[in-house]
K.L.:
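Once you've had a glance at the structure underneath, I'll fire off some questions.
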Amino acid sequence: MYHSVAGNIQNYAEHRIETPSRDRSFVPPCQAACPLRMDIREYVDLVAQGRIMEALQVIRNGNPFPSICAYVCTHPCEEACRRGQVDKPVAIRALKRFALEFGGDRMVQVEARTEHPEKVAIVGSGPAGMACAYYLRSFGYPATIFEAHSEIGGMLRVGIPRYRLPREVLDVEIQRLTKMGVEIRTDTRVVSLDLLFDMGYKAVFVTIGAHQSLRIGIEGEDSPGVIDGATFLREVNLGLKPSVGDNVAVVGGGNVAIDAARTVLRLGARKVTILYRRSQAEMPADPVEVEQAVEEGVHIEFLVSPTRIRRQDGKLNTTCIRMELGEPDASGRRRPVPVEGSELNEEFDTLISAIGQAPQTPGDFRVHMGRGSTILVDPATLSTNRRGVFAGGDAVTGPATVTEALAAGRLAASRIDDYLQHRYPSPNKGGRETLAGDLLPKTVEMIQKIGRIEAPLLPAEARIKEFEPIELVYDWETAVNEARRCLRCGMGAEIVFQDKCATCLTCLRICPYHVPYLDAMGTIQIPADQCQACGVCVAECPAKAIVLRKPYDRRHVTEELDHVLKSARESKVGPLIIGFCCQYGLFGTGTLANLWKVAKAGIWIVPVLCIAKVEAEHLLRAFEMGAEGVFVAGCGEQCARENTAAWIHSRVQKARKVLSEIGLEPNRLQMYVPSATNGHPAEWLDTFVEQIGGLYLSSVIMQEVKVDSR
Amino acid sequence: MANSLFEEKLYSGEFVVTTEVGPPKGADVSEMVHHIDVLKDKVDAINVTDHQSSVMRFPSLGGCLIVKELGGEPILQMTCRDRNRLALQADLLLAYSRSIVNVLCLTGDSIDVGDHRDAKPVFDSDSVQLLKMIRTMESGKDIGGNDLKGIPKFCLGASVHPEADLIEPQLIKFEKKVAAGAQFFQTQGIFEVASLRRFMQYASQFDIKVLAGIIVLASARMAKYMNDNVPGIIVPQTTIDELASVEKGKGRQKGIDIAARLIRTIKEENLSHGIHIMAVGNESVVPDILEAAEVEVARY
Amino acid sequence: MIVAEQKPLPEIRRMISPYDRVLIVGCGTCMTVCDAGGEREVAFLHDALRMAQSKDGKETHHFLEATLKRQCEPEFLQMLVDKTSDVDVILSLGCGIGVQAIAERFPDTPVLPGVNTCFMGISREQGVWDERCAACGECRLEDTAGICPVTRCTKGILNGPCAGAKNGKCEANKDMDCAWILIYKRLERLGQLERMRRYYPMRNFRAVPRPRRLVKTPVAIGEDNG
């Protein structure tokens, strides 16, 4: 049955747009890698369009404390980002930070009402606990966080140094919790869960983190001057300034070790050396952190491990032994093996051991434990062996990331809600498939290479003077330019109406990335993992059989146009000029940003996501609805994606032909693409406005003449 | 027994001279009559062109009748562009009945180069098929296979293009025309003697007569125009340059000189069995050319 | 594939002027492929006509749109029944076949041709089509190395070439190759020049006489067995 389109033309937009709001997109790799499954593709695209507040809304919808993540998330999304197959991944975390700083406190949801009587206790105020409290509160449950320390935040407060996560940021998020009505009791150590149930709590979420440092297990580890990393960082982060001397060693290769070493520099030590028993490739710390540490002056010695510490004349005489890499161990990394007879002695003022942490679960909790003193839970529900007791965060996984903890907190809140309402947890709604498959070389070849713009950092010497945040934030133009590098994975073109497809091969021939192909059956396939969602085939398909999997714009071009036209006609400023402007690049960054914020002398901008999507019928529509002049403005050679100028040019010609055939001057429709010879867009626009003004005046005069002569 | 004086002259071994007149666009034939009158005793036969360059004109058959009336020897140019096989056969019967038996069989220029560009191009046959058609009629039947009451006999010729830029396909066609019954060939315009020589080395293996076509130019502009617009004519750059080298007004004489020079060379070196002078609207210069080339024709 | 070109807008406007309710019907096969009358073109024409009429202010047509998979099959035409009861004229963007099919199926509604059907041809590249077949009914591509002298030679001769080719191009159109030179070169390449040396008699112009019909009769098998 062939779908035929007919009907009256009252609702132009309706009968032409087949399926306005369906989402058949794939989950992009960035979202799949994110523990919180954030709509990364969506907010990055909104930033690329300059719609920062909307990007912020998307961010806040998916993350209870995005500001924290903006500083310290380990960005698995960037590791998965397919832009990395072209040049470098999109700087997603920096973009998130930009959006948050731009929007500030706006879009923050603090309303919460109590709708249920059941109260929930959360043991531990780290990120998992904070997230759980946030979501429980928004579900309507009274929630109380019990924190053993005097300060709230768990590792966010006592673990991560201030230069990575400013304390003001953390405090703002915590304030939000209290504004929502979460009760937080500090200096309250929970020693027994039974007590909590006695107090009337109906469910408990145990999220005590992993703060207990592991011992290296060598002689002299308890000497004065030897301190474990977690304790060291906690002291510094709580405001104490331990004296560490001038020459400090840090044992370990994870983020705690790096944090400790960089903190030591900021305390004024002249030299800090990291002793790591494996090689650089095996270091678990974030490579960017390592790089920054080295920039700041941290020395790293690889394949070395301390074997004995002796305190002598106020210094720590440390015997180390060289290592070499042997067979892989349980973690898959090659086990370090001491090299016989390679001992060496070094002297330090302080030695910090940071080889790992484990949770310290009180036996009175009576929960079953797993490897490394972690709490055992059912991964789907986060429930422990005890009814009503849930656990999550580092206490369950061992030391992991902030974002994973937030995700655990969110999951726990849902499961606790299910539990309290006596519901079976609803199965994961399956939903969309994740996009798999790498970009083919022939696709990559056609993608314009634009280097990643890193967020600016303070210079190394300035950084170590104090604990101020080291990373600066993008400015608008940089953020927009960085965001438009995104490939929009998984939302590309799809031949939705297979029965309409006449296999005319137009899409195959015109795709700038050579994506559509003919399969063995002679059917056109548009592989979702290659399509760059430029929209050229959608606009050119003679059978209108192709649709973008996710019309991610809030409106289709026609709807956007109609929306603009409604306001434009009300304004009655003449002559009415409609401009279809690309939202990305030149226009999203604000070169013509003023134009779309304020209607200048009758100019109304219809933002489109790349002018490749503007069809000839849209151009005519603008005229039909009263525009005196129409222009299309694209990025030309600066177009990050495809050379759209040629396509738009032919459509402009087609529309102009109709204009002249019905008696309108074809020059009322023009195309602007910036080039070396073109001059500034604003100048061009002024000239165009003048031209249209002239035509408008003469047509008004003609009208009057006609009226007079009657 | 020759079918015509022209045929007789062809086989006489003497140098044959033919020329052509183009009929008028209209009913006023006075100028054509005048040219025929002037030329009829100076050449062995006069071709009357058939809507040359697809421009509608007074018909060649009508022109041949006038040549006959005036006492000249006509060659009927017959193209396949405008008439189907019924009309062609009918015209041939008429021609034969009026003793017009020399026929030059041509495919015909395409409609697109002429002045009736919306017309239907017929091309029911091509030149090879036309030759075959005529020989079939000579055997007593039309090409529908029906017996003819009164059987015609003709002297048949065709054209060939020794200066084509790709010669092999032309030679293949040439052989087909010979096999289909062509007795004589009038070539497209020759400008370089060497190409004629080469062609004749090949063509002399066949029992046919070749009359070298000589085109009379009057200016470089005319030459270029013909290059761009007239099918079958390729004027080489050297000739264009030679024409351009004289001052305005002297072009006509230059054209005559060039033509005469070619003819003299051809005659002296016995390069062909004769010549066919195409004056292209300039029929009055033909006697001057013959004089300059010192060619005289003794008409029987 | 059948290749056509949409008629100029002024001509279409003139054709529809006597009528009020106009149904624009597109075709989802050849007319889509050659981008003359598919769904996109139907929509665009509708917009243009509507704009033209509101600009002039004189006409008052009502337009409807429909696109069929093919206009030349009765089953597809059946799908128009509901819409045709309500219209004064059908403007078909199908090829000449489609227009006539609609006329036959809906004899009480006038049908207008919205495209000029041009030829059966091949796609060279996006947007460029060349004629290849004239449906002569006696295909001789065997002898011409797969190059048709009927469509590609402007005179359609069978014993080619004529003397008009210059630089391998046809005397009638300098953008087109001389078909016979192409045939010569290809036959030479295939070692089949003998075929060009043969005499080819005149075409049977009535191989399939007009008005043409083709009937496929089922083969009778084993009649005598019963």
K.L.:
Please state whether the side chain, the backbone, both or neither of L158(C) comes within less than 4.5 Å of a heavy atom of chain B.
P.N.:
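Looking at L158(C), backbone and side chain both touch chain B.
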K.L.:
Could you look at L193(C) and say if it's the side chain, the backbone, both or neither that has a heavy atom under 4.5 Å from chain B?
P.N.:
side chain
K.L.:
Which bit of V230(B) comes within less than 4.5 Å of chain C, counting heavy atoms only: side chain, backbone, both or neither?
P.N.:
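Interface part for V230(B): backbone (N, CA, C, O).
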K.L.:
Which answer fits V128(B), side chain, backbone, both or neither, if we ask what part of it has an atom under 4.5 Å from a heavy atom of chain C?
P.N.:
both
K.L.:
Please find the pair of heavy atoms, one from F123(B) and one from F205(C), that lie closest to each other, and give the distance.
P.N.:
O-CZ, 3.9 Å
K.L.:
Using a cut-off of under 4.5 Å for heavy-atom pairs, which of P201(C), G164(C), A165(C) has the most such pairs with chain B?
P.N.:
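Option with the greatest count: P201(C).
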K.L.:
Hey, which of C162(C), A163(C), G160(C) has the most heavy atom pairs under 4.5 Å with chain B?
P.N.:
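Ranked by heavy-atom pairs under 4.5 Å with chain B, first place is A163(C).
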K.L.:
Tell me, for I143(B) versus chain C, whether the close heavy atoms (under 4.5 Å) come from the side chain, the backbone, both or neither.
P.N.:
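Contact with chain C involves the side chain of I143(B) alone.
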K.L.:
Got a sec, which residues hit side chain to side chain donor-acceptor pair (under 3.5 Å) with E73(C), two or more places apart in sequence or on another chain?
P.N.:
R70(C)
K.L.:
Produce the donor-acceptor pair table for chain C versus chain B, cut-off under 3.5 Å.
P.N.:
from, atom 1, to, atom 2, distance (Å)
K155(C), NZ, G108(B), O, 2.5
L158(C), N, D126(B), OD2, 3.3
N159(C), N, D126(B), OD2, 2.9
N159(C), O, K173(B), NZ, 3.1
N159(C), OD1, K176(B), NZ, 3.1
N159(C), ND2, D126(B), OD1, 3.3
N159(C), ND2, D126(B), OD2, 3.1
P161(C), O, K173(B), NZ, 2.6
C162(C), O, Q170(B), NE2, 3.2
K166(C), NZ, M226(B), O, 3.4
K166(C), NZ, N227(B), O, 2.5
K166(C), NZ, V230(B), O, 2.9
K166(C), NZ, I233(B), O, 2.7
N167(C), N, D165(B), OD2, 2.6
E171(C), OE2, S110(B), N, 2.7
E171(C), OE2, S110(B), OG, 3.4
K174(C), NZ, D228(B), O, 2.9
M196(C), O, K176(B), NZ, 2.7
R198(C), O, K176(B), NZ, 2.7
Y200(C), O, Q129(B), NE2, 2.7
P201(C), O, Q129(B), NE2, 3.1
R203(C), O, R85(B), NH2, 2.8

K.L.:
Tell me, for P121(B) versus chain C, whether the close heavy atoms (under 4.5 Å) come from the side chain, the backbone, both or neither.
P.N.:
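Nothing of P121(B), per the 4.5 Å heavy-atom cut-off to chain C.
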